[in-house]
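These figures come from a predicted structure and were not determined experimentally. Throughout, a chain's letter reflects where its sequence line sits, starting with A, and its residues are numbered from 1.
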Amino acid sequence: MSSILPIPTISSSATASPPPPPPTTITTTLTADRAAHLIDKTGTLHHLLEIHAALLRHGLHQNPILNFKLQRSYASLGHLDHSTSLFRRTHNPNVFFWTSIIHAHALHAAHHPHALSLYAQMLSNADAVRPNAFTLSSVLKSCPIEPGRALHGHALKMGFICDVYVGTAVLDVYARAGDVVAARKVFDEMPERSLVCLTAMITCYAKNGGVDEARAVFDGVGERDVVCWNVMIDGYVQRGRPGEALGMFRRMLAAKVRPTEVTFLAVLSACAQIGALECGRWVHSYIENNGVRLLSVHVGTALVDMYCKCGSLEDARMVFDGIKGKDVVAWNSMIVGYAMHGFSKDAMELFARMRKLGVWPTNITFIGVLSACSHAGLVTEGRSFFKSMKDEYQIEPKIEHYGCMVDLLGRAGLLDEAYELVKNMEMDPDLVLWGTLLAACRLHGRYEMGEQIAEWLVCSGLANSGTCTLLSNIYAATGNGMVWRK
DNA sequence: TTAGGGTTAG
């Protein structure tokens with residue numbers, strides 16, 4: 001983790017390809033105040049390295065505040081390696097230093113285990129630095145449920161639980177683990193609640209299926225900011241209640257709260273869910289009329305998805321073509337959009353273009369590609385794409401991909417091949433898959449196979465009303481409505 | 001006299 005910090009020197013800026021000169025040149029005399037100001041203002045690693053070099057030359061690197069600022073700046077510029085290295089070189093780091101390095105690691109999921117181990121090191125250190133509420137709230141951010149529970153105990157024992165940051169962080173640990181009851185208990189016992197804390201509780205409910213409970217907390221919030229609104233709107237979207245999501249969005253605008261990108265993502269998803277094309281268009285023009293010159297990939301993709309789901313493929317394509325730096329999710333939205341509306345040729349062409357540009361597909365890409373093959377009856381291509389998932393792209397087919405294949409083979413009348421595919425799957429087929437196969441049996445008059453599957457489904461108690469309808473259709477067609485009733 | 005919470009697409 002801790003790499004060797006390149007000891008910066010002023011001459012390091014005069015290497016083979018020198019970076020552009022920093023905005024401020026460090027002069028021969030450097031006071032601690034001036035250095036602190038320079039560190040706070042810097043925005044580039046190059047400049048920070050130069051300041052670091054100057055601190056070393058002036059012997060100011062021992063100053064704990066400057067050392068602290070330097071370490072924090074390395075981290076905030078995304079150079080956790082430099083930050084860690086500096087920390088490792090610091091003798092007897094104080095609680096500020098420990099907290100700062102723990103916090104820097106807690107900011108990115110990939111470094112969470114390290115944040116926790118730093119906290120453990122801090123406690124076991126010979127110089128035993130005592131954590132405070134700042135340390136605790138930082139380390140809690142990186143915690144999964146088990147160490148989180150222990151730290152909750154720790155916070156109670158040390159009396160930090162009354163701190164609103166610590167309380168919120170503990171609440172968040174339980175929320176992330178889906179333990180709504182424990183989160184609510186922490187919430188109820190908090191002596192004071194900030195907007196952030198209220199939002200954390202709303203998020204906890206919204207993410208764990210309790211959108212009405214979320215709403216109850218939301219209604220009790222006095223001054224709501226955009227995050228609070230976003231959480232509530234997205235909560236409705238995630239629970240498949242787009243009408244209420246859009247209602248909340250209207251109320252948010254009426255309350256003069258300025259929407260952010262996150263708001264647009266949720267609202268566009270709500271429009272997509274109910275096929276509200278006009279509302280989607282309105283959001284699109286709102287985005288364009290409110291200072292958003294260049295669509296972000298996220299918002300662009302949400303627009304593509306909304307237009308596709310609302311059936312306006314031309315609008316979707318127009319937005320898609322305008323997205324700068326398209327990632328695979330953007331490509332997927334357009335490919336799947338085309339495929340779902342039967343524009344197989346466009347979907348396949350787009351896939352070919354995406355590959356040509358070196359974008360690596362995901363399992364969603366193959367949902368699109370295989371559906372396109374299915375709609376167009378391209379059996380050979382479909383088989384080949386399905387095979388390539390594993391062989392070429394190392395993507396394990398999911399049940400949905402088998403569904404596409406069964407649909408493709410079934411429509412083409414290749415029932416035996418489809419049945420074999422289902423029987424040899426590594427996972428259990430679900431009712432949707434059996435339903436697809438049954439529908440194909442009916443379409444091609446393969447009553448015997450239909451009966452076989454039907455019998456098996458009924459015997460294993462798996463048949464539901466949908467499959468029963470299909471079954472009765474099959475039996476009606478065979479003129480033998482009773483056979484399957486054993 | 002230097003630090004810490006909540007929301008993000010297919």
- Query: Hey, is A:Asp212 close enough to A:Arg241 for a salt bridge, meaning N to O under 4.0 Å?
  - Reply: yes
- Regarding the side chain of A:Phe96, the nearest nucleotide among B:dT2, B:dG4, B:dT7 is B:dT2
- Query: Is a side-chain donor-acceptor pair under 3.5 Å present for A:Ser137 with A:Asp163?
  - Reply: no
- Item | Residue pair A:Val226 / A:Pro259: nearest heavy atoms and the distance that separates them | CG2-CA, 4.2 Å
- Task: Please say whether more than 12 non-hydrogen atoms of neighbouring residues, nucleotides or ligands are located less than 6.0 Å from CD in A:Gln394.
- Result: yes
- Item | Heavy-atom donor-acceptor pair, A:Asn230 side-chain to B:dG6 base, under 3.5 Å | no
- Item | A:Ser142 and A:His112 side chains, donor-acceptor separation under 3.5 Å | no
- Task: Ignoring the backbone of A:Val227, work out which of B:dT2, B:dG5, B:dT7 is nearest its side chain.
- Result: B:dT7
- Message: What is the separation between atom CE on A:Met122 and atom P on B:dA3, rounded to the nearest whole Å?
- Response: 16 Å
- Query: Heavy atoms under 4.0 Å, any strand shown: does A:Leu195 hit a base, just sugar-phosphate, or nothing?
  - Reply: base
- Message: For a quick check of understanding: with a heavy-atom distance under 4.0 Å over all strands, which category does A:Ala133 fall into, base, sugar-phosphate or nothing?
- Response: base
- Query: Considering only side-chain heavy atoms of A:Asp305, which listed nucleotide, B:dT2, B:dG4, B:dG10, is closest?
  - Reply: B:dG10
- Query: At under 4.0 Å between heavy atoms, what does A:Val226 touch on the DNA or RNA strands: base, sugar-phosphate, or nothing?
  - Reply: nothing
- Taking the side chain of A:Thr99 as heavy atoms from C-beta outward, which of B:dG6, B:dA3, B:dT7 is closest to it? B:dA3
- Side chains of A:Arg215 and A:Tyr236: donor-acceptor distance under 3.5 Å anywhere? yes
- Message: Heavy atoms only, 4.0 Å cut-off, all strands: where does A:His298 land among base, sugar-phosphate and nothing?
- Response: base
- Query: What integer distance in Å separates A:Phe264:CZ from B:dG10:P?
  - Reply: 17 Å
- Quick note, A:Ser137 side chain, CB onward, closest among B:dG4, B:dG6, B:dT1 is B:dG4
- Can you tell me the distance, in whole Å, between the NE2 atom of A:His103 and the P atom of B:dT2? 18 Å
- Hey, does A:Thr263 reach any base, or is it just sugar-phosphate, or nothing, if we go heavy atoms under 4.0 Å? nothing
- Message: Can you see whether A:Thr436 engages A:Asp407 through a side-chain donor-acceptor pair at a distance of less than 3.5 angstrom?
- Response: no
- Query: Can you tell me how far C1' of B:dA9 sits from CD of A:Gln273, to the nearest Å?
  - Reply: 13 Å
- Message: Counting only heavy atoms not in A:Arg239 (residues, nucleotides, ligands), do more than 12 fall under 6.0 Å from its CZ?
- Response: no
- Query: Which nucleotide in the list B:dA3, B:dT1, B:dA9 gets nearest to the side chain of A:Val297?
  - Reply: B:dA9
- Could you please name the option among B:dG6, B:dG10, B:dA9 that lies closest to any side-chain atom of A:Leu265? B:dA9
- Task: State which of B:dT2, B:dA3, B:dG10 makes the closest approach to the side chain of A:Arg72.
- Result: B:dA3
- Item | Sorted by number, the residues of residues 343-359 of chain A with heavy-atom contact under 4.0 Å to DNA chain B | none
- Item | Sugar-phosphate only, base, or nothing, as touched by A:Asp327 at under 4.0 Å among non-hydrogen atoms | base
- Considering only heavy side-chain atoms of A:Val329, the closest of B:dA3, B:dT8, B:dG10 is B:dG10
- Message: Need one value for A:Thr135: base, sugar-phosphate or nothing, where a base atom within 4.0 Å counts as base even if backbone is also close, heavy atoms only.
- Response: nothing
- Message: Quick check on B:dG6: is either OP1 or OP2 less than 4.0 Å from any side-chain nitrogen or oxygen of A:Lys207?
- Response: no
- Of the nucleotides B:dT2, B:dA3, B:dG6, which has the atom closest to the A:Asn132 side chain? B:dA3
- Message: With a 4.0 Å limit, can you tell me whether A:Lys69 has a side-chain N or O closer than that to the phosphate oxygens OP1/OP2 of B:dT1?
- Response: no
